[in-house]
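Just so it is clear, the model here is predicted, and its values are computed rather than measured. Letters go in sequence order (proteins before strands), and every chain restarts at 1.
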Amino acid sequence: MRNSLFIIIVILLAVSCKKDNYAPPGTSFKGRIVYQGEAVNVGHGEVFFELWESGWGKRTPINVGVAQDGSFSSLLFDGTYQLVIPGNQGPFLTLPDGASHTDTTLLQLKGDRTMDIEVLPYYMIRNAKVSASGRQVTVNCKLEKIVTDTRARNVERVTLYVNRTQFVDGINNIANQTINGGDIQDPANITTQVNVPAINPVQSSVFVRVGVKVEGVEDMLFSPVIEQKL
Amino acid sequence: MRTYVFYILLMLTLFGCVKSNDDFLDRSPSNILLDEQVWKDEVLVLSLIADLYNRYPDYQTIENWSEFAAFDEAFASESGQYGRHKNQQYGYGAWGFWDYGYVRALNLFIEKCAKANQLKPASRERFLAEARFLRAHLYFELVKRMGGVPLVLEPLTYDYKGDPSALRRPREKESAIYDFVLKEMDAVMQVLPDDANIKSRATKGLALAVKARAALYAAAIAKYGATTPQVSLPGGEVGIPASMAAGYYQTALNAARQLINSGKYALYNKKPDNLSDNFAALFYDKGGNPEVIFVKDFKLQSGTVQEWTLANQPRSLAEEQQGGRLNPSLNLVQSFEKLDNTFAPYQTNAANGDYIYYDKPEDMFAGRDARLAGTVILPGTEFKSKKVDIWAGYILKDGSIVTANNFGGQAMLGGNRVQVVGFDGPIDNLEFSAQTGFYVRKYQDPAVGSGRIGTKSEVWWVRYRYAEVLLNAAEAAFELGDPNTAAGYLNQVRARAGFTIPLTPADVTFDRIVHERRVELAFEGHQLWDMKRWRLAHVVWDGLSTDLTAHPEKARSTSTRVFGLLPYRIYNPGTPQDGKWVFKKVIPSNVTSAHRFRLGNYYSYIGDDIRNNNPLVTKNPNQ
């Protein structure tokens, strides 16, 4: 008798786990923030956008963070969402949605979906090339002005960042070198270098990228992260 | 027999049920006081208003020491608080405040007090003015944090009919809230007592001080908000048009002048022979203090005591096994000027790279603004008439350091076992030690027992004082293009700090104004609001790991990480340097990240729950 009771309890416990838990969100929503098919690189943890889903009483957005390389991914439930990039987020202007002509894009999720979000960055960093001699890292890149109409903004500074890990930005760096916007002679050919301090424990390579701070825009725009052997 | 008893009981029960007694359930409660009981008794109304005073919101206060380590004024030397120096950025919700429960309590008080005709008219008017003062001040606190908020001036009551939309109010313009505060101050100052001896209740002087401060904030937002056009909303809920700046500055100057010219308050100067002690005493002297305008008061053995001294007393002199939590930063300490009105970062090394040797550790800080030693416990100085023991170790001839990792730790030195580190540290990563080389002095209570858990301290928290009014007047005058007047007010404050060379009108710049407030008002809860209204916060706390600035006099110098300055002794027998003191600039190992104040931090995030309940409330910008 006691044995069978024990077995029943074990079975009930095992089954109840399944019974009273909801399924986790399983639909993946992935993509990149792009300009004409090229990913817009941003700082780690700086840029996010909001997904709103109506029909749940209280409205609270799901914030989706954008990774350094401009990609994002989120696990969601199937449904209809509204995608909004909040004002003044990111080093870019948002484009009005083609269908709604507002800042809101309707997003139908039914199974996994990959979607790139087109934006209009103030600038793009092209052809960033890194070289090293000894512990000096040199970067050459081209700065292309994308927004040229009345909304155009000047470059406040261009900064070269070096870090020991793949997270490279204004906060996460071990060495940096800045050129002020006014000192840039030829935006098509920007070269800057920095000496990398000794790293303990020793590692054979560092991670490098160039960032552009646009006047009056908080979030910086970056080139892709490049791993450079020293 | 038993049957009879049963029937009798049954009948009694039944009769009991039908007994005619209308008042049977109508009893006056024994655990709460009803409105009609309260509003005829002055003592009870006083306890009501005392509760409302008690709910006055402060951000950084002596009851919440760790918030002073949120920016660059200090390091938090407690294990649980190191995270403050590891956070990369401030959350958008930081400093948020949305207490409409308090608004409702004040509105109810005002509504009922106005009808309380059993109170003496004079006391009723005073209570009414106090509640209106608190309500206006609450809106000032709200607008500082959130921008324009819904202005609710009557107690809202829901009718339970399923549609609460009639209770929804949109956000007012930021300027409209400031205008409301200024207007209310004008109204209540006619009624409030004009008595400088009242410190913990509203007075006419306080209303003037609040008016000066609020107008100055509005003016600065109007003027400097123009430098950050992104920090605004199209409806004006955030941001004030630049054209309104001059008007607000004039209001601020007039209010401050009215208070100054009333002659009821004066700078505290009871200990003119030691200006540092004088400056420290200004905060703990509760007997006839002419400078203090409004405080939150405490009283020993009443349950209302505070723990500032317990938390921050020097570890070597502590009355408990704790203390030393708040360590002022070198960033702040180097901001104090030299007595010849010039600025200089502390020189630790000579041009050839060798140390600069000092006979005594306090010599490093000699010839500086008296407020430095009044605000900070420096190495080699005293607290409660005993010397603190702040030194980080011995430096040997070859440059190596001998130190220990516990308070007053010992090690072998020249063949003898001796103490090699102070009983106050500094020991990196050891809580309660002076990890920046400094302890805080402001508000520390010199009374015996103030550092004991069983006693604590009754030093009050000063919310408004005369020196700030002078600085407000100076800033307003300067912005109105009158540096002459500005210099006059600044010089009053500076003379009390030991400066003998007055500033000339040409010396008064925006940087000067910013600097004077930084050093005079450190650890008084002004920094965040000042940096916000000048729109300097995102410039100074820009998130970049820059070195300690060499230009403490510049308002826009970055200061994102807290630095320390540690004294060492030289051990080199037989040379003239033996026993002398040298200093090393350090960054505590727990300071791993730079503070980053984003544009979205200028006005705190309004919670989704609030905006769900009231869709008329718009979101703050850049979040």
> Does a sphere of radius 6.0 Å around NZ in B:K223 hold more than 12 heavy atoms from other residues, nucleotides or ligands, not counting ones at 6.0 Å or beyond?
Replying inline: yes
> What part of B:Q89 lies closer than 4.5 angstrom to a heavy atom of chain A: side chain, backbone, both or neither?
Replying inline: side chain
>> Quick check on B:K86: does its NZ atom have over 12 non-hydrogen neighbours (other residues, nucleotides or ligands) under 6.0 Å away?
In response: yes
>> Are there over 12 heavy-atom neighbours, none belonging to A:K30, within less than 6.0 Å of that residue's NZ?
In response: no
> In this structure, are over 12 heavy atoms from other groups packed under 6.0 Å from A:Q185 atom CD?
Replying inline: no
> Does any heavy atom of chain B fall under 4.5 Å from the side chain of A:N176, the backbone, both, or neither of them?
Replying inline: neither
> Side-chain contact, heavy-atom cut-off 4.5 Å: A:N173 with B:S545?
Replying inline: no
> Among B:R611, B:K619, B:Q230, B:Q623, which has the most heavy-atom pairs under 4.5 Å with chain A?
Replying inline: B:Q230
> Taking B:D609, B:L599, B:N622, B:T227 one by one, which has the highest count of heavy-atom pairs under 4.5 Å against chain A?
Replying inline: B:L599
> Taking B:N612 for the side chain and A:R59 for the main chain, is one N or O donor matched with an acceptor at less than 3.5 Å?
Replying inline: yes
> Does any heavy atom of chain A fall under 4.5 Å from the side chain of B:R596, the backbone, both, or neither of them?
Replying inline: side chain
>> For B:Y160, I'd like to know if atom OH has over 12 heavy atoms of other residues, nucleotides or ligands within 6.0 Å.
In response: no
> Shortest non-hydrogen contact from B:L544 to A:G170?
Replying inline: CD2-O, 3.6 Å
> Among residues 215-230 of chain A, which ones touch chain B with a heavy-atom distance under 4.5 Å?
Replying inline: A:G216, A:V217, A:E218, A:D219
> Is the number of heavy atoms from other residues, nucleotides or ligands within 6.0 Å of CZ (B:R168) greater than 12?
Replying inline: yes
